[in-house]
Amino acid sequence: MSGDDRVRGFPAFPPGRRARSSRSWWGDAWIRALEDTSLDQTLLRRGRRSASAGHVGSITVSPGRIAAEVHDGVRDLPYRTRVFVEPMTDAQWSRFSDQVAAKAGHIAALLDGEMPRDLASAADDAGIALLPGLGDLQPECDCPEWAAAACRHAAALCYQVAWLLDADPFLLLLIRGRGAREVLAELRRRVHRPAAEAPSAVPAGRPGAGVPAVRAYARPDPPLPAPPPPPESGVSGPALPDGPGIAAEVLRGLVDNAAVRAAALLRAAPDGDGPLPERVDAVRLAVGAGGPVLARLRQAGARTAREFSRAVRAWEYGGHAGLSVLDEPWTPPPVRVARARADLTAGWAGDDPPEPQVWRNRWTFPRHRAQLRYGRDGRWYPYRERADGDWWPAGVPRDDPADALADLLGD
């Protein structure tokens with residue numbers, strides 16, 4: 001890393017990593033910008049293979065520019081490959097810094113390696129395209145393929161950049177024009193600046209001046225105040241003595257569960273769904289429960305012991321949405337099915353993905369004893385067939401069917 005923090009270098013990735021996979025939503029946004037721009041699916045597939053094979057050398061990231069030497073696996077000499085992104089202007093950086101500094105959680109999330117979705121949305125609202133969109137990635141390469149205005153080498157570089165963004169969202173800010181230390185110094189200055197320097201909605205010289213009601217009501221709603229900080233990890237209820245008719249350990253489990261549930265509700269925005277049905281809430285309560293309380297929950301869940309265990313597994317992987325996928329088959333709109341087929345073909349690292357047997361929202365791959373179930377939340381839930389023919393949840397859901405199937409097949 002250079003002294004001014006505006007040039008960063010990263011060693012080459014070893015071969016063997018699956019190119020389409022990204023662990024973060026902002027890494028997925030980077031990949032979508034690449035894939036939505038390219039009209040050549042064959043080129044993208046060759047680029048994914050090159051990325052997975054480790055054909056990309058060390059990567060250098062600087063404002064508006066990403067560069068690396070990329071091999072094609074045939075010739076000895078690599079090609080010089082670059083990807084350009086339009087940096088933000090000084091005015092855009094000023095507005096973006098105001099958005100980040102307005103909420104302490106944004107700064108904490110960035111330092112923790114996260115890019116909050118509401119920060120990206122706020123940047124969009126302020127006219128700042130923080131995440132790349134269609135046509136924002138402009139690749140160049142000195143290979144012969146570049147005569148066709150695109151090549152596998154640039155695609156391979158873009159896929160590996162998504163892996164770097166997974167680990168450090170500050171790289172996205174560097175690509176847009178500012179290094180991490182520079183960004184943090186500016187944010188600290190804005191957070192601690194005197195009140196006299198803070199922007200004011202009241203014109204100078206007119207203290208307390210108002211505006212016409214028509215203009216006031218035409219403005220967007222002001223932001224709500226920040227919520228109270230969430231409880232610390234390891235939430236639990238108070239110590240409880242034995243009471244008549246119930247052991248303290250059973251009551252302790254219920255109280256601890258209620259405390260954890262309350263903490264989760266404080267961390268999440270309310271969804272307006274109301275209380276869970278008893279049959280569903282029994283499954284939620286059973287996650288991590290044991291002893292006599294588990295037997296009572298099975299009874300309340302109105303399922304056989306095996307069905308209840310499978311429902312608990314579904315909740316562990318996907319929460320309420322995961323349980324709905326287990327219980328409720330549904331028919332997705334044809335346009336979603338067509339898009340999913342295209343995503344599976346485009347995202348598959350091999351020659352051709354296995355062909356599914358489709359029934360409503362369930363895609364079954366009999367030869368692999370594997371199944372993907374499409375949830376109403378737009379995610380794909382992996383299932384595996386057991387020896388007795390039952391299908392059991394087998395992993396966390398994914399946004400892309402190719403990623404979910406690769407996880408399921410161990411690719």
Is the backbone N or O of [Y] less than 3.5 Å from a side-chain atom of [X], with the two atoms forming a donor-acceptor pair by type?
{"X": "Trp315", "Y": "Asp281", "answer": "no"}
{"X": "Gln160", "Y": "Ala51", "answer": "yes"}
{"X": "Ser94", "Y": "Asp90", "answer": "no"}
{"X": "Arg303", "Y": "Ser309", "answer": "no"}
{"X": "Trp392", "Y": "Arg310", "answer": "no"}
{"X": "Arg176", "Y": "Val85", "answer": "no"}
{"X": "Arg369", "Y": "Arg386", "answer": "yes"}
{"X": "Asp343", "Y": "Asp400", "answer": "no"}
{"X": "Asn361", "Y": "Tyr374", "answer": "yes"}

What are the two closest heavy atoms between [X] and [Y], and how far apart are they?
{"X": "Pro63", "Y": "Gly177", "answer": "CB-CA, 3.7 Å"}
{"X": "Ala340", "Y": "Pro401", "answer": "O-CG, 3.6 Å"}
{"X": "Gly318", "Y": "Arg379", "answer": "O-NH2, 4.2 Å"}
{"X": "Cys151", "Y": "Leu43", "answer": "N-CD1, 3.4 Å"}
{"X": "Pro139", "Y": "Ala154", "answer": "CB-CB, 3.4 Å"}
{"X": "Trp380", "Y": "Pro382", "answer": "O-CD, 3.7 Å"}

- List the steps and the verdict of side-chain contact (heavy atoms from CB on, under 4.5 Å) for His368 and Leu408. CA-CA 9 Å; His368 301 282; Leu408 195 55; over 6 Å; no

With side chains defined as the heavy atoms from C-beta onward, is the minimum distance between [X] and [Y] less than 4.5 Å?
{"X": "Val325", "Y": "Tyr383", "value": "yes"}
{"X": "Leu137", "Y": "Trp30", "value": "yes"}
{"X": "Leu372", "Y": "Phe365", "value": "yes"}
{"X": "Phe170", "Y": "Leu184", "value": "yes"}
{"X": "Leu34", "Y": "Tyr159", "value": "yes"}
{"X": "Leu165", "Y": "Trp26", "value": "yes"}
{"X": "Leu173", "Y": "Trp93", "value": "yes"}
{"X": "Pro354", "Y": "Trp363", "value": "no"}

- Task: Look at the rings of Phe13 and Trp163 and say which category their plane angle falls in: under 30° parallel, 30 to 60° tilted, over 60° perpendicular.
- Result: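 Ring orientation, 0 to 90° scale: perpendicular.
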
Once rounded to the nearest 0.5 Å, what's the spacing between atom [atom1] of [X] and atom [atom2] of [Y]?
{"X": "Arg152", "Y": "Arg49", "atom1": "CZ", "atom2": "CZ", "value": "10.5 Å"}
{"X": "Arg341", "Y": "Glu355", "atom1": "CZ", "atom2": "CD", "value": "5.0 Å"}
{"X": "Leu171", "Y": "Asp166", "atom1": "CG", "atom2": "CG", "value": "10.5 Å"}
{"X": "Arg82", "Y": "Arg80", "atom1": "CZ", "atom2": "CZ", "value": "4.5 Å"}
{"X": "His71", "Y": "His153", "atom1": "NE2", "atom2": "NE2", "value": "10.0 Å"}
{"X": "Leu131", "Y": "Arg32", "atom1": "CG", "atom2": "CZ", "value": "8.5 Å"}

- Message: Go through it in stages, so that I can follow the logic: the residues are Val83 and Val161, the test is side-chain contact (heavy atoms from CB on, under 4.5 Å), and I'd like the CA-CA distance, side-chain angles, deciding distance and then a yes or no.
- Response: CA-CA 10 Å; Val83 178; Val161 168; over 6 Å; no

- Task: Before giving the answer on side-chain contact (heavy atoms from CB on, under 4.5 Å), spell out for Met88 and Arg178 the whole-Å C-alpha distance, their side-chain angles and the decisive distance to 0.1 Å.
- Result: CA-CA 9 Å; Met88 293 195 298; Arg178 297 287 191 274; over 6 Å; no

- Query: Considering residues at least two apart in sequence or located in another chain, which fulfil the ring pair (Phe, Tyr, Trp, His ring centres under 6.0 Å) criterion with Tyr317?
  - Reply: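 Testing Tyr317 for ring pair (Phe, Tyr, Trp, His ring centres under 6.0 Å), a comparison that skips the adjacent residues, returns none.
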
- Task: Begin with the C-alpha distance, continue with both residues' side-chain angles, and end with the deciding distance and a verdict on side-chain contact (heavy atoms from CB on, under 4.5 Å) for Val61 and Phe10.
- Result: CA-CA 8 Å; Val61 181; Phe10 300 88; 4.0 Å; yes

- Would you find more than 12 non-hydrogen atoms of other residues, nucleotides or ligands less than 6.0 Å from Arg360 atom CZ?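 Counting other residues, nucleotides and ligands, CZ of Arg360 exceeds 12 neighbours.
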
- Message: Can you confirm whether Arg306 is buried at CZ, in the sense that more than 12 heavy atoms of other residues, nucleotides or ligands lie under 6.0 Å from that atom?
- Response: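 For Arg306, atom CZ is crowded (more than 12 foreign heavy atoms under 6.0 Å).
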
